[in-house]
Amino acid sequence: MPELPEVEITRRQIEPLLSGRTIATLSTTKDSYFFITKPAALKRRLKGQRVARLERVGKYLLAHVEDGQRLLLHLGMTGQLFGAGVSSVRLLSSTGSAALSPEGQQAFAPDDHTHLRFSFEDGGPEVYFRDARKFGKVQLLAPGERCERLDKLGVDALLANGDVLHAGTRGRKAAIKNILLDQQVVAGIGNIYADEALFIAGIRPRAQAGKLSRPACERIVRAAQQVMRRSIETGGSSINDYVQPDGSDGSYQDERQVYAREGEPCLRCGAAIKRIVLGQRSAHYCPRCQR
DNA sequence: ACCGCACCCTGAGCGC
DNA sequence: TGCGCTCAGGGTGCGG
């Protein structure tokens, strides 16, 4: 599940494959709610356009085109952005195509889940956006066009501070875990890093957000930044679905302290890690270390 | 304004 | 071997 660190790793690996290259053709799957901008419009408006750079905003990727258009991508739960020619690309949820060989040596061939396929005028490696579950999104913004999705995002988690979270939680009765997952307060935190940050900060996921002190908010934000920076360094979390664009596993999952560790001993105090459901999502915490 | 919940989707893992 | 069930959860939108 791509959260801020996984999206940032994707940005770093894919930007060199996009920037400075001119799109020759774009192929897509048939229209679905995956496409905020219709496939026909995407193809027409991107043909012959040169990509300038790839930016990350929260969990979104934003490809800037030289004519001022911007292509907004969200990886959802299972989205993958990767380049052709990487022999070890390991596909997620591959539907029995020959693309996935046991050794991962065979070249990737676009399948039913490959919603975007960019080819370039230089004839070099194609770039693919694949998403089996279609929780991802693609939207093409015209030059200067406002984007409500981006406008309502809170401060990027790596740039936030305790004041942002403190202000964003005043008067809120919801659990702090739910507020951390709300992208309008702080953008980029998902289920894994919310649990990990709350563990480090020593605060229970169910704690009422509006009652948290300023120092507590500061601890939470700093903890979130600490775990996400470390995750970026180690290639992200390959727990459920995520692999890096080059096909290799990340290794942050080896450092996680509470996420998906229900019943296992807390690495700090030995108590059994608990799992509860909060806002339709699982939350994990140490009943002794987190109050 | 805020909160909780249903929903979109498909593959993995499990029990039988 | 294969079926049917549950689970995973980011984001949106709804009703209360």
Side-chain angles (χ1 to χ4, degrees), chain A residues 1-8 10 29-37 56-62 72-81 90-97 99-100 111-115 129-139 147-154 156-157 165 167-197 205-212 224 228 236-243 249 253 256 258-263 275-284:
Chain A
M1 60 203 79
E3 304 181 26
L4 187 154
E6 292 77 22
V7 177
E8 175 62 20
T10 300
T29 49
K30 70 178 170 64
D31 191 24
S32 68
Y33 67 86
F34 178 88
F35 293 98
I36 307 295
T37 302
R56 181 191 59 75
V57 184
K59 299 178 198 173
Y60 287 93
L61 286 170
L62 199 53
L72 184 69
L73 305 174
H74 196 289
L75 301 179
M77 289 287 299
T78 51
Q80 293 181 289
L81 193 61
R90 197 181 88 202
L91 297 176
L92 302 176
S93 315
S94 177
T95 49
S97 81
L100 183 59
D111 60 3
D112 291 347
H113 299 311
T114 308
H115 305 297
F129 184 8
R130 195 170 171 279
D131 183 7
R133 270 161 76 191
K134 283 196 274 193
F135 278 20
K137 291 279 179 290
V138 53
Q139 180 176 18
C147 177
E148 199 179 326
R149 290 164 196 279
L150 290 178
D151 287 347
K152 66 184 186 185
L153 286 182
D156 191 89
L165 185 60
T169 51
R170 292 312 90 187
R172 304 286 298 263
K173 289 192 169 175
I176 181 60
K177 168 78 185 281
N178 289 345
I179 301 287
L180 289 178
L181 295 180
D182 178 355
Q183 303 299 297
Q184 299 183 51
V185 179
V186 171
I189 301 174
N191 212 30
I192 298 174
Y193 301 105
D195 281 1
E196 296 298 315
R206 248 203 284 254
Q208 196 174 312
K211 289 186 175 171
L212 291 174
M228 291 193 296
S237 297
S238 294
I239 297 179
N240 295 327
D241 292 323
Y242 179 78
V243 295
D249 279 334
Q253 66 278 6
R256 83 202 128 91
V258 288
Y259 183 81
R261 293 196 65 239
E262 182 184 12
R275 173 184 177 274
I276 58 173
V277 175
L278 215 49
Q280 313 290 99
R281 247 142 247 165
S282 58
H284 312 76

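Throughout, a chain's letter reflects where its sequence line sits, starting with A, and its residues are numbered from 1. The figures that follow rest on heavy atoms only: side chains count, while hydrogens, waters and symmetry mates do not.
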S.K.: What is the distance, rounded to the nearest whole Å, between atom CG of N178(A) and atom C1' of dT12(C)?
M.R.: 15 Å

S.K.: Could you check how far CD1 of I36(A) sits from P of dG11(C), rounded to whole Å?
M.R.: 13 Å

S.K.: Any strand counts, and the cut-off is 3.5 Å on both contacts for Watson-Crick or G-U wobble. Which nucleotide pairs with dG11(C)?
M.R.: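 Matched dG11(C) with dC7(B) under the 3.5 Å cut-off.
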
S.K.: Any N or O donor-acceptor pair linking the side chain of R149(A) to the base of dG11(C) at under 3.5 Å?
M.R.: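 Answer is no: no donor-acceptor pair is held.
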
S.K.: May I ask you to verify whether the side chain of R133(A) and the base of dG11(C) hold a donor-acceptor pair under 3.5 Å?
M.R.: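 By the distance-only test, no, there is no pair.
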
S.K.: Please work out if F135(A) contacts a base, only the sugar-phosphate, or nothing of the nucleic acid, heavy-atom cut-off 4.0 Å.
M.R.: base

S.K.: Can the ring centroids of F129(A) and H115(A) be said to lie less than 6.0 angstrom from one another?
M.R.: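 No: the rings miss the under 6.0 Å criterion.
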
S.K.: Has H74(A) got a side-chain N or O lying under 4.0 Å from the OP1 or OP2 atom of dG11(C)?
M.R.: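 So the side-chain polar atoms of H74(A) do come within 4.0 Å of the phosphate oxygens OP1 or OP2 of dG11(C), strictly under.
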
S.K.: Can you tell me if the side-chain N/O atoms of Q183(A) get under 4.0 Å from OP1 or OP2 in dG10(C)?
M.R.: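 Indeed not, no polar side-chain atom of Q183(A) lies that close.
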
S.K.: Just call it for R170(A): base, sugar-phosphate, or nothing, with non-hydrogen atoms closer than 4.0 Å on any strand.
M.R.: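 The residue R170(A) makes no contact with any strand.
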
S.K.: Could you give the CD-to-C1' distance, from E3(A) to dG11(C), as a whole number of Å?
M.R.: 13 Å

S.K.: Could you state the CG-P distance from L75(A) to dA8(C), rounded to the nearest angstrom?
M.R.: 21 Å

